[in-house]
Amino acid sequence: MTDDARPDEPTPERIRRAWSATVAALPVGTRITGQVVERRPFGVFLRIDEVPQAVGLADIGSMPPGASLPAQGDRISGEVVWHTDHNHQVRVALSEWIDRG
């Protein structure tokens, strides 16, 4: 099976292979910026600028009180709060989302 995705596009296999490097590059407490790539009722998935093969997840419980979910395409910033090994996700607490990408 070949990997036909663009070189910079995260795929499940690329995300899995890069997981150790992702955790090393984004330790807990690291400030990140990125773009919302998918919005769900429980939170948003992010493409993290600094580590393109990483998938970030900001769940609704990690958002500031009274905040609404950012829209798909919004640029965001936040902080790494956890690494979820079983599904290779970087958990992020959002601090700001200001514009559409």
Side-chain angles (χ1 to χ4, degrees):
M1 182 162 91
T2 62
D3 191 347
D4 294 328
R6 293 186 327 250
D8 64 338
E9 184 178 333
T11 64
E13 179 60 20
R14 290 176 183 170
I15 292 165
R16 185 192 63 75
R17 284 193 319 248
W19 183 240
S20 293
T22 296
V23 171
L26 298 170
V28 171
T30 301
R31 300 285 308 156
I32 61 97
T33 57
Q35 185 170 25
V36 175
V37 294
E38 188 173 343
R39 187 176 181 196
R40 297 291 183 107
F42 56 82
V44 293
F45 290 96
L46 316 168
R47 183 133 186 224
I48 298 172
D49 293 341
E50 297 84 358
V51 184
Q53 295 302 324
V55 171
L57 173 63
D59 65 48
I60 201 159
S62 68
M63 296 179 160
S68 60
L69 288 171
Q72 187 167 338
D74 278 359
R75 301 277 312 150
I76 57 83
S77 63
E79 181 176 318
V80 174
V81 294
W82 196 253
H83 302 103
T84 309
D85 291 326
H86 75 277
N87 58 6
H88 307 110
Q89 292 175 352
V90 177
R91 295 298 189 114
V92 176
L94 297 182
S95 57
E96 184 176 7
W97 45 101
I98 51 176
D99 63 4
R100 299 234 167 160

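Numbers for residues simply follow the sequence, beginning at 1.
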Side chain to side chain contact (heavy atoms under 4.5 Å, CB included), that's the test. Do I76 and I32 meet it? Break it down for me.
CA-CA 8 Å; I76 57 83; I32 61 97; 3.9 Å; yes
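- Applying the side-chain hydrogen bond (donor to acceptor under 3.5 Å, both in side chains) criterion to R39, with sequence neighbours excluded, gives no partner residue.
- In plain terms, the two heavy atoms of Q53 and T22 that are nearest each other are O-OG1, 4.5 Å.
- Note that CZ of R75 is 11.0 Å distant from CZ of R47, once rounded to the nearest 0.5 Å.
- The CD1 atom of I15 sits 9.5 Å away from atom NE2 of H88, with the distance rounded to the nearest 0.5 Å.
- Scanning all heavy atoms of the two residues, the minimum distance from P52 to P10 falls at O-CG, 3.7 Å.
- Between V51 and A25, the closest heavy-atom pair is CG2-CB, 3.9 Å.
- Between L69 and P41, the closest heavy-atom pair is CD1-O, 4.1 Å.
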Taking it one step at a time, do W19 and V90 satisfy side chain to side chain contact (heavy atoms under 4.5 Å, CB included)?
CA-CA 10 Å; W19 183 240; V90 177; 4.1 Å; yes
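- Taking every heavy atom of both residues into account, L26 and H83 meet most closely at O-NE2, 2.6 Å.
- Using a distance-only test at 3.5 Å, with no hydrogens or angles considered, a donor-acceptor pair links the side chain of T11 to the main chain of R14.
- A donor-acceptor contact shorter than 3.5 Å is absent between the side chain of E79 and the backbone of R31.
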Show your reasoning for whether side chain to side chain contact (heavy atoms under 4.5 Å, CB included) applies to V36 and L46.
CA-CA 5 Å; V36 175; L46 316 168; 3.9 Å; yes
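- Among residue pairs with one or both ends in residues 62-71, none qualify as salt bridge (charged side-chain N to carboxylate O under 4.0 Å, His left out); sequence neighbours excluded.
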Should D74 and V44 be marked as a side chain to side chain contact (heavy atoms under 4.5 Å, CB included) after you check the CA-CA gap, both sets of side-chain angles, and the distance that decides it?
CA-CA 10 Å; D74 278 359; V44 293; over 6 Å; no
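- Side-chain atoms of V92 and F45, non-hydrogen and from C-beta on, never get closer than 4.5 Å to each other.
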